[in-house]
Visitor: 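Right, I'll just put the structure down here and ask away after.
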2 protein chains.
Amino acid sequence: MEASEIYKCIADPQRLRILNLLEAGPLCVCHMQEILEVPQVKMSKQLSSMKQLGLLKAHREGTWMIYKLVDPVEGLITANLCYLREAACAECNQLQRDLTKREKLILKVTKIENDCPQEVCQQITCC
Amino acid sequence: MEASEIYKCIADPQRLRILNLLEAGPLCVCHMQEILEVPQVKMSKQLSSMKQLGLLKAHREGTWMIYKLVDPVEGLITANLCYLREAACAECNQLQRDLTKREKLILKVTKIENDCPQEVCQQITCC
DNA sequence: ATGATATATACTAATAATAGTATATACTGT
DNA sequence: ACAGTATATACTATTATTAGTATATATCAT
């Protein structure tokens with residue numbers, strides 16, 4: 001994959017946030033939507049463009065679609081996320097907040113609502 | 001500066017190449033033009049957009065305009081150039097070739113033609 | 001089969017980015 | 001003042017990206 005394609009992808013803050021979330025583990029669309037507070041259409045279109053680009057893959061679990069980063073993760077993505085998580089800019093702080101929000105959400109849907117896609121809830125110790 | 005602005009900038013291979021060249025030292029417009037083989041208008045417009053963004057600064061030396069990276073160089077730029085110079089993709093290889101071409105050109109204009117902007121030719125041992 | 005939930009796609013409108021041509025400016029040497 | 005070189009800008013045409021609304025598909029529970 002060419003570098004410019006990757007940069008074009010992460011030049012959109014929303015897409016960068018998606019990659020940031022997924023680097024921490026797979027997530028289903030509706031939960032990403034909830035974390036990022038973005039309309040469904042936009043979410044879906046961005047995910048599909050990233051899938052097409054070869055950064056993400058998806059599979060279905062019931063009515064949920066679970067997205068994850070392809071393995072191995074594109075090095076340029078990893079390197080930049082790593083850099084940004086330490087850096088100081090509005091967008092960088094957002095990435096941290098998103099990860100926190102993700103933790104809380106997974107806990108909620110898993111332990112409290114008991115309604116979590118298997119692959120997502122596996123990330124916490126209860127199941 | 002927000003990360004997305006920087007990514008939008010380097011998402012254009014041409015602009016990335018400019019940053020790559022300038023990280024090795026200041027250069028005047030016409031020499032960058034020669035190295036990148038790009039029309040004057042395009043060169044000028046890209047430089048001015050990067051200057052406006054706050055990544056570059058310029059000063060005049062006779063009829064030449066010498067561009068350089070602002071100091072300190074934006075960390076995200078440095079980190080990415082560093083990564084890409086080691087990486088393997090068409091654009092990454094191009095960056096290496098550009099640096100070689102830059103060396104040769106500076107040598108030519110300095111030693112052979114004896115017609116080099118002071119700040120540029122300072123980079124080689126002869127003057 | 002029907003309704004509910006989650007997700008994707010088609011289509012359109014709106015906006016932004018790029019490229020090209022022509023022209024302008026700044027400086028130098030004569 | 002004039003010609004030549006280097007660079008920048010204005011304007012226009014073209015193309016790409018994004019956003020929004022409506023609609024379609026897939027799965028599940030009843």
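Protein chains get the first letters and strands the later ones, always in sequence-line order, with residue 1 at the start of each.
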Visitor: So if I take every side-chain heavy atom of B/S44 and compare against C/dA6, D/dT7, C/dA19, which nucleotide ends up nearest?
Guide: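 Closest of the options to the side chain of B/S44: D/dT7.
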Visitor: Out of C/dT18, C/dA8, D/dT7, which has the shortest distance to the side chain of B/C28?
Guide: D/dT7
Visitor: Report the C-alpha separation of A/Y83 and B/N80 in whole Å, then their side-chain angles, then the decisive distance to 0.1 Å, and conclude whether the side-chain hydrogen bond (donor to acceptor under 3.5 Å, both in side chains) test is met.
Guide: CA-CA 10 Å; A/Y83 182 98; B/N80 276 281; over 6 Å; no
Visitor: Please confirm whether the shortest side-chain N or O distance from B/Y67 to OP1 or OP2 of D/dA8 is below 4.0 Å.
Guide: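 For D/dA8, OP1/OP2 do have a side-chain N/O of B/Y67 under 4.0 Å.
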Visitor: Counting only N and O atoms by type, is there a donor-acceptor contact under 3.5 Å from the side chain of B/E61 to the main-chain atoms of B/I66?
Guide: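 Such a contact is absent between B/E61 side chain and B/I66 backbone.
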Visitor: Calculate the interatomic distance between B/I66 atom CD1 and C/dA26 atom P; express it in whole Å.
Guide: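 Distance check: B/I66 CD1 to C/dA26 P gives 18 Å.
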Visitor: For the side chain of A/R15 and the backbone of A/K8, is there at least one donor-acceptor N/O pair under 3.5 Å apart?
Guide: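 It does hold such a pair.
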Visitor: Nearest to the side chain of B/T63, heavy atoms from C-beta on, is which of D/dT27, C/dC27, D/dT7?
Guide: C/dC27
Visitor: Looking only at the side chain of A/R15 (C-beta and beyond, no hydrogens), which of the listed nucleotides D/dT27, D/dT18, C/dT18 gets closest?
Guide: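 Closest nucleotide to the A/R15 side chain: D/dT18.
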Visitor: For residues A/M1 and A/L16: do they belong to one hydrophobic cluster (side chain heavy atoms under 4.5 Å, members Ile, Leu, Val, Met, Phe, Trp, Tyr)?
Guide: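 In one cluster: yes.
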Visitor: Would you mind classifying the nucleic acid contact of B/V29 as base, sugar-phosphate or nothing, using non-hydrogen atoms under 4.0 angstrom?
Guide: sugar-phosphate
Visitor: Between atom CE in A/M43 and atom C1' in D/dT21, what is the gap in whole Å?
Guide: 19 Å
Visitor: Specify the residue among B/S48 and A/E61 whose closest nucleotide of DNA chain D lies further upstream toward the 5′ end.
Guide: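 Per heavy-atom nearest nucleotide, the more 5' residue is B/S48.
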Visitor: Report which part of the nucleic acid A/K51 touches: base, sugar-phosphate, or nothing (heavy-atom distance under 4.0 Å, all strands).
Guide: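 Since no nucleic acid heavy atom lies under 4.0 Å of A/K51, the category is nothing.
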Visitor: Would you check if the side chain of A/R102 reaches a backbone N or O of A/A24 as a donor-acceptor pair within less than 3.5 Å?
Guide: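 Side chain of A/R102 to backbone of A/A24, a donor-acceptor pair under 3.5 Å: yes, one is there.
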Visitor: With no angle test and no hydrogens, is the base of C/dA19 tied to the side chain of B/K45 by a donor-acceptor pair under 3.5 Å?
Guide: yes
Visitor: Between B/M32 (CE) and D/dA8 (P), how many Å, whole number?
Guide: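 Value for this atom pair: 9 Å.
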Visitor: Quick one: B/E5 CD to C/dA17 P, roughly how many Å, whole number?
Guide: 11 Å
Visitor: Rounded to whole Å, how long is the line connecting atom NE2 of B/H31 with atom P of D/dT7?
Guide: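 So the NE2-P distance, B/H31 to D/dT7, works out to 8 Å.
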Visitor: Which whole-number value in Å describes the distance from A/K42 NZ to C/dT12 P?
Guide: 22 Å
Visitor: Please tell me which of the listed nucleotides, D/dA8, D/dT18, C/dA10, lies nearest to the side chain of A/D12?
Guide: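 Taking heavy atoms from C-beta onward, the closest nucleotide is D/dT18.
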Visitor: Figure out the CE/C1' separation between A/M65 and D/dC28, and round it to whole Å.
Guide: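 Roughly 16 Å, once rounded to whole Å.
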Visitor: Can you find a side chain N or O atom of A/K8 that sits less than 4.0 Å from OP1 or OP2 on C/dA17?
Guide: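 The answer is no; no side-chain N or O of A/K8 sits under 4.0 Å from OP1 or OP2.
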Visitor: Nearest whole angstrom, please: distance from the P of D/dT9 to the CD of B/Q46.
Guide: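 To the nearest whole Å, that distance equals 15 Å.
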Visitor: Check every atom of D/dA26, C/dA6, D/dA8 against the side chain of A/R60 and return the nucleotide holding the closest atom.
Guide: D/dA26
Visitor: So, the side chain of B/S49 versus the backbone of B/Q46: is there a donor-acceptor pair under 3.5 Å, distance only?
Guide: yes
Visitor: Checking only heavy atoms, does the side chain of A/Q40 share a donor-acceptor pair with the base of C/dA6 at less than 3.5 Å?
Guide: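 For A/Q40, whose side chain was compared with the base of C/dA6, there is no donor-acceptor pair (under 3.5 Å).
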